[in-house]
Amino acid sequence: MPEGIKDKVAIIGMGCTRFGERWEDTCSDLIVDAFKECLEDAGIEKNDIQAAWFGTCIEEQSCGKSAVPLSNTLKLPFIPATRVENFCATGSEALRAACYAVASGAYDIALALGVEKLKDTGYAGLPDFAQLAGTDTRMITPNFTAPGAFATLATRYFARYNLKPDEGKRILAMVSSKSHHNGAMNPKAHLRREVTVEEVMSAPIIAWPLGLYDCCGVSDGAAAAIVTRADMAKQFRPDPVYIKALQISVSSGMELMHSSYDGTHIESTTHAAAAAYKEAGVKNAREEVNMAEVHDCFSITELVTMEDMQFSPRGKAGDDVQAGRFNLDGAQPIQPDGGLKCFGHPIGASGLRMMYEVYKQCQGKAGPRQVKNMKLGATHNLGGVPQMNICSVLIAGL
Amino acid sequence: MVGITSYGGYIPLYRMDRMTAYKAMGWLNPAAILPGERSIASYDEDSVTMAVAAARDCLKGVAKEKIDGLYIATTTSPYKQREGAGIIGTALSLRPNIRTADFTDSTKAGTGAILSACDAIKAGSAKNILVCASDLRKERAGGYQEQLYGDGAASVLIGDTDVIASIEGSYSVSYDFSDSWRADTDEFERAWEDRWRRDEGYERQLTESITGLLTKYNLNIKDFARIVITCHFERAATAIARKVGAEPSQVQDVMMRTMGDSGASYPLVILVAALEEAKPGDKILVASYGNGSDALFLQVTDQIEKTRDNKGIKKWLARKKMLDNYDKYLAWREEIPMDRGFRGEETSSTQLSALWRGRKVFLGLWGSRCKKCGTPMYPAQRVCVNPDCGAIDEMEDYCFADRKATLFTYTSDLLAYSVNPPAMYGVVDFEGGGRFWFDIADCDPESLKVGMPMEMILRIKYVEHGRGVTSYSWKAVPLME
């Protein structure tokens, strides 16, 4: 059994830009903004950083390939830098690489930075996915979009649990409405308006059964973290946040091609979550994880993630949603920062943005959104579609 | 005995009441009006996909290895240079060592292809040749052709064993009669005055070929159970019958009320409709039209009963949905500049070398089946996807094209670009195993249900105008009962 990286790595600084339609800013502007806050928060100099990992997904639309855009923008002094990409789990990949580098002893201080500039396509939604698939894939896959692919999860979930469209949509609407409530309190969030369950339910359909408010914001933004060896962390600050577990799982192809997949959950999340709980020593996720930032690209994703992360029993996430368990004042707040839904979703930055909230919550710095008795937080960062994806689960605490 | 050994048909789902077109464009040409409805191919169909559908109907229960040749007759091939028969043969998973040819440039190309197939078989060059005929013609808005024409395909298998209708003889006439034409660069057909077409074209030339046939073989027209007169002027069809000594009751319905003139496939479509109702011993006369005429003399055998399960023409005709939006029809035909949006303009270029490499997977819907655990999978894999197996390089080829399926889950997506939004797609489970996601066609989003029975059909995936490439893929459609 590998021993894992529990308590070997600590985050000593983080930065996150305001997410949103940053029409006036370039990728470089976003990178600099996130980096500046991160550096100041860590209290170190740029030259203290020994290696960097750079996450960006749809580079064609923004900064281009490789780690050069990061290194050139920040004028990093010829240190090792690598670009990573794993769909929407890209930000978590940058952090994972930096954490592993430090845990291995290769470096003492490493930077993870993720950025995405999505709003330069000229149309709503993510850049067209079908164009980004590989040579063979795009010859046979439907011309799908992200909301459409995740809508198939809702269709199947509703069918399996005998939810009439209105019943299912009401539960999903409560998921979104809760996140809007939290996001409205977050000055860095993209969408800062409360919406009622009725408003969510009556919003225009994007991909049946998902409507406009079942979908997260498509945003520009960047986020960054500086990590160091756990035994050095308190030299930098009194309240570093320690990595308890960091796991990823990637689809085997089973979900798309084999009939054993039930289509009402995300298989990779179940694997990544179980592995993360094992690494962190979490026995009962429903009781021990105080808050989580999960990948609510769509309301249905958050709903099934509650089950996949073992926060709710199978088929019972809807009951927990209706009981208010995941509200800010509930037993297990989910998306206290507004989530992808309202904070927004600049792909390469999202995993690090989730971590930013867990980090601030652990340090008691989340202001009106502060979760009580905060000990352990989790991030869940999902890339891809229900039928083929990458899931990263990270657990952190003081 | 050489003749037809099987038949198949294909009529697109959509029909348009001709009044729908007339209400929109009748102001332009008040005299251009016909009764009834015409068939309308969907936005993702062309002469190739319709030919494949008809051929699959024709090949139901036929061993594909037997087929030595494939001819397609069409005046509307998506390519001037790239053989349609080659695309169709790949989609049908026919052997590569067969003879293929495209018969084109005249609406009598369909009967020409049948006669050539017969001759090849009589000469001993081939045992079985599949003949497809298909046309999807673009017409100018408000023109008479828009009222006259319909879209559709038919297919016959020509062979010398288990013949359902022998081809006893033929008589052809050929004239450079330019009553309708398209120049090399023309998108739309042009036609001379319809009275001249009718009198000097249809009436004179069909009469000549039919009379010629009767004389050549010393036949009595009264002995024919059905006469297929490929004439879109309904009354002229009756007049021709009278001229050659037949009763109007012998004339097979020219389907102008239900489908329209489908070009090169028109005589075959009407012939298939006649065969569907034919009895052993019936004599059938078929006369095509287009720069002359071919007249064929067929004799139905008692083998006809074995084709009764084919969809033919009647079953496809019964499956219909009225298209009551004329503007949508124009948009499907790219006759009005539709706002596709920037998302709609983003298409990757087709990699022809990749298409060739993956032709069985992309065009033939071939996957693989694990010899260790029996799991079928699409697309073809080298490593078994069954989590309990995972065998490497233990695969055999496995085709999904003719397998029934059930809809596992679905969506109707208004964000994805589609010529006909919402884009419907979903995951299907194949009977016997195997799962993949596909576009869904030929139904309304409201009709989709988890668990509903589906079947697969070849359609256009996208047309890459900049490079002149039409890309095809298989889509799921509700199972036709």
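Both backbone and side-chain heavy atoms feed into the values below; hydrogens, waters and symmetry mates do not. A note on names: the letters A, B, ... follow the listed sequences, proteins ahead of strands, and every chain is numbered from 1. It should be emphasised that the depicted structure is a prediction, and the values quoted were computed from it without experimental measurement.
Considering all non-hydrogen atoms of both residues, Leu256(A) and Phe436(B) come closest at CD2-CE1, 3.5 Å. Across every non-hydrogen atom of Phe408(B) and Tyr261(A), the tightest pair is CZ-O, 3.5 Å. Of all non-hydrogen atoms in Ala151(A) and Thr411(B), the two that sit nearest each other are CB-OG1, 3.2 Å. The two residues Val450(B) and Ala159(A) come nearest to each other via the heavy atoms CG2-CB, 3.9 Å.
The environment of Lys119(A) atom NZ is dense: over 12 non-hydrogen atoms of other residues, nucleotides or ligands sit within 6.0 angstrom. Counting non-hydrogen atoms of other residues, nucleotides and ligands closer than 6.0 Å to NZ of Lys316(A) gives a total of 12 or fewer.
For chain A, no part of Phe430(B) is nearby; none of its heavy atoms comes within less than 4.5 Å. Only the side chain of Thr375(B) comes within contact range of chain A, with at least one heavy atom under 4.5 Å from a heavy atom of that chain. Contacts of Ser252(A) with chain B are made by backbone atoms alone, with heavy-atom separations under 4.5 Å and no side-chain atom involved. When heavy atoms are compared at a cutoff of 4.5 Å, Ala154(A) does not approach chain B at all. Only the side chain of Asp429(B) comes within contact range of chain A, with at least one heavy atom under 4.5 Å from a heavy atom of that chain. Heavy atoms of Glu267(A) lying under 4.5 Å from chain B are absent altogether. With a 4.5 Å cut-off on non-hydrogen atoms, Pro445(B) does not touch chain A at all.
Judged by distance alone, with hydrogens and angles left aside, the side-chain atoms of Asp413(B) form no donor-acceptor pair with the main-chain N or O of Phe144(A) at under 3.5 Å. At distances below 3.5 Å, at least one donor-acceptor pair connects side-chain atoms of Arg343(B) with backbone N or O atoms of Ala124(A).
Residue with the most contacts toward chain A among Ala423(B), Pro379(B), Gly390(B): Pro379(B) (heavy-atom pairs, distance under 4.5 Å). Options Asp388(B), Asp439(B), Val427(B) differ in how many heavy-atom pairs under 4.5 Å they form with chain A, and the most are formed by Asp439(B). Between chain A and the residues Ser418(B), Pro387(B), Ser471(B), the largest count of heavy-atom pairs under 4.5 Å involves Pro387(B).
The shortest distance between side-chain heavy atoms of Phe342(B) and Thr121(A) does not fall below 4.5 Å. In this structure the side chain of Lys461(B) never reaches within 4.5 angstrom of the side chain of Arg138(A), judged on heavy atoms. Two residues are said to be in side-chain contact when any heavy atoms from C-beta on lie closer than 4.5 Å; Tyr378(B) and Ile140(A) meet this criterion. The shortest distance between side-chain heavy atoms of Thr409(B) and Phe158(A) does not fall below 4.5 Å. The shortest side-chain heavy-atom distance between Thr152(A) and Trp437(B) does not fall under the 4.5 Å cut-off.
Atom CH2 of Trp208(A) and atom CE of Met424(B) lie 15.0 Å apart (nearest 0.5 Å). Between the CG atom of Leu212(A) and the CG atom of Leu415(B) there is a distance of 10.5 Å, given to the nearest 0.5 Å. Distance check: Thr155(A) OG1 to Leu407(B) CG gives 9.0 Å after rounding to the nearest 0.5 Å. Between the CE atom of Met254(A) and the CZ atom of Arg435(B) there is a distance of 9.0 Å, given to the nearest 0.5 Å. How far CZ of Arg340(B) is from OH of Tyr123(A): 12.5 Å, rounded to the nearest 0.5 Å. Expressed to the nearest 0.5 Å, how far CZ of Arg357(B) lies from CE of Met139(A) amounts to 10.5 Å.
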